[in-house]
Peer 1: 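One structure is given below, represented as structure tokens, and several questions about it will come after.
Computed from a predicted model, the values in this text were never measured in an experiment. Every number for a ligand or one of its atoms is a count from 1 in the order of the listing. Positions are given from 1 along the sequence.
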Amino acid sequence: MTEKRPKAAASRLFFALWPDDPLRESLRHSTRKAIRASGGRPVPPQNLHVTLAFLGSVADADRAGVAAAAVNVREPAFKFTLDELKVWPRAKTLVLAPGTASVELARLYSQLWDGLEEAGFAREARPFRPHVTLARKVATPGKMTLAAPIEWRADAFALVRSITDPAGAQYKVIRCWALQGESPQGPGR
Ligand code: ATP
Ligand code: MG
């Protein structure tokens with residue numbers, strides 16, 4: 001008999017929209033000055049993302065339910081715009097959020113949680129406020145402006161593992177699921 005070592009038995013997981021490299025670079029470029037003006041501690045560019053569902057510590061044995069929840073999602077690919085810088089005073093974070101709510105993003109969130117509930121996870125009580133965290137420990141921010149709005153084309157979402165490290169969280173994408181169908185600019189439209 002082989003026994004699993006305890007450290008392999010569970011991992012801290014979340015679902016997210018994960019930017020590809022060009023989008024990550026746009027995010028970095030558009031927010032660089034604002035992050036500096038915020039006086040906060042920048043989130044490393046490789047960590048930027050939009051969280052869809054935070055699961056916390058998940059036993060390896062429960063991973064199948066997590067994957068089934070992802071398969072439950074039937075939302076087609078969509079676009080949304082991140083164009084609002086905000087400081088959330090209680091969390092002391094600088095975030096980038098959509099100024100106009102995205103119906104498609106809300107549906108993706110809701111479909112994902114439908115499946116997660118079926119798999120036994122408790123849906124978050126607080127409303128979904130999609131955002132990218134740009135900086136933490138923001139105390140007395142200066143005037144912040146966004147160099148350019150971010151057009152995000154969501155054509156997939158990811159299951160990500162968070163590894164707590166004294167130097168800050170490290171994220172590893174475990175698996176991605178494509179969103180269905182063609183984008184509004186797909187062939188023949
Ligand atoms: P650290 O906790 O080390 O400062 P972090 O918050 O970036 O780093 P995690 O706590 O693993 O890393 O969180 C991963 C993602 O899930 C982040 O986007 C975080 O904002 C979000 N998250 C964490 N806890 C919750 C929670 N209780 N509810 C909703 N989202 C959460
Ligand atoms: Mg955290």
Peer 1: Kindly list each side-chain donor-acceptor pair under 3.5 angstrom involving residues 45-58, sequence neighbours excluded, with atom names and distances?
Peer 2:
from: Asn47; atom 1: ND2; to: Ala169; atom 2: O; distance (Å): 2.9
from: His49; atom 1: ND1; to: Asn47; atom 2: O; distance (Å): 2.7
from: His49; atom 1: NE2; to: Thr51; atom 2: OG1; distance (Å): 3.1

Peer 1: Just grab all the salt bridge (charged side-chain N to carboxylate O under 4.0 Å, His left out) pairs involving residues 88-108, residues at least two apart or on different chains.
Peer 2: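 Listed once each, the pairs are Glu75-Arg107.
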Peer 1: Which donor-acceptor pairs under 3.5 Å do the side chains of residues 28-35 make with protein atoms, sequence neighbours left out?
Peer 2:
from: Arg28; atom 1: NE; to: Glu25; atom 2: OE1; distance (Å): 3.2
from: Arg28; atom 1: NH2; to: Glu25; atom 2: OE2; distance (Å): 2.9
from: Ser30; atom 1: OG; to: Ser26; atom 2: O; distance (Å): 3.2
from: Ser30; atom 1: OG; to: Ala148; atom 2: O; distance (Å): 3.2
from: Thr31; atom 1: OG1; to: Leu27; atom 2: O; distance (Å): 2.6

Peer 1: Hydrophobic clusters here meaning ILVMFWY residues chained together by side-chain heavy-atom distances under 4.5 Å, can you tell me if Val132 and Leu108 are in one?
Peer 2: yes
Peer 1: Ile174 vs Val160, test: side chain to side chain contact (heavy atoms under 4.5 Å, CB included). Steps then yes/no.
Peer 2: CA-CA 5 Å; Ile174 295 176; Val160 186; over 6 Å; no
Peer 1: Determine whether a donor-acceptor pair (N or O, by modelled atom type, separation under 3.5 Å) exists between the side chain of Ser38 and the backbone of Gly40.
Peer 2: yes
Peer 1: Show me a pair-per-line table, with atom names and distances to 0.1 Å, of protein N or O atoms that are under 3.5 Å from an N or O of ligand 1.
Peer 2:
from: ligand 1; atom 1: 6 (O); to: Arg136; atom 2: NH2; distance (Å): 3.4
from: ligand 1; atom 1: 7 (O); to: Arg136; atom 2: NH2; distance (Å): 2.8
from: ligand 1; atom 1: 7 (O); to: Tyr171; atom 2: OH; distance (Å): 2.1
from: ligand 1; atom 1: 10 (O); to: Arg12; atom 2: NH2; distance (Å): 2.7
from: ligand 1; atom 1: 11 (O); to: Arg12; atom 2: NE; distance (Å): 2.8
from: ligand 1; atom 1: 11 (O); to: Ser162; atom 2: OG; distance (Å): 2.6
from: ligand 1; atom 1: 12 (O); to: Tyr171; atom 2: OH; distance (Å): 3.2
from: ligand 1; atom 1: 18 (O); to: His49; atom 2: NE2; distance (Å): 2.7
from: ligand 1; atom 1: 18 (O); to: Thr51; atom 2: OG1; distance (Å): 2.5
from: ligand 1; atom 1: 28 (N); to: Arg126; atom 2: NH2; distance (Å): 2.9

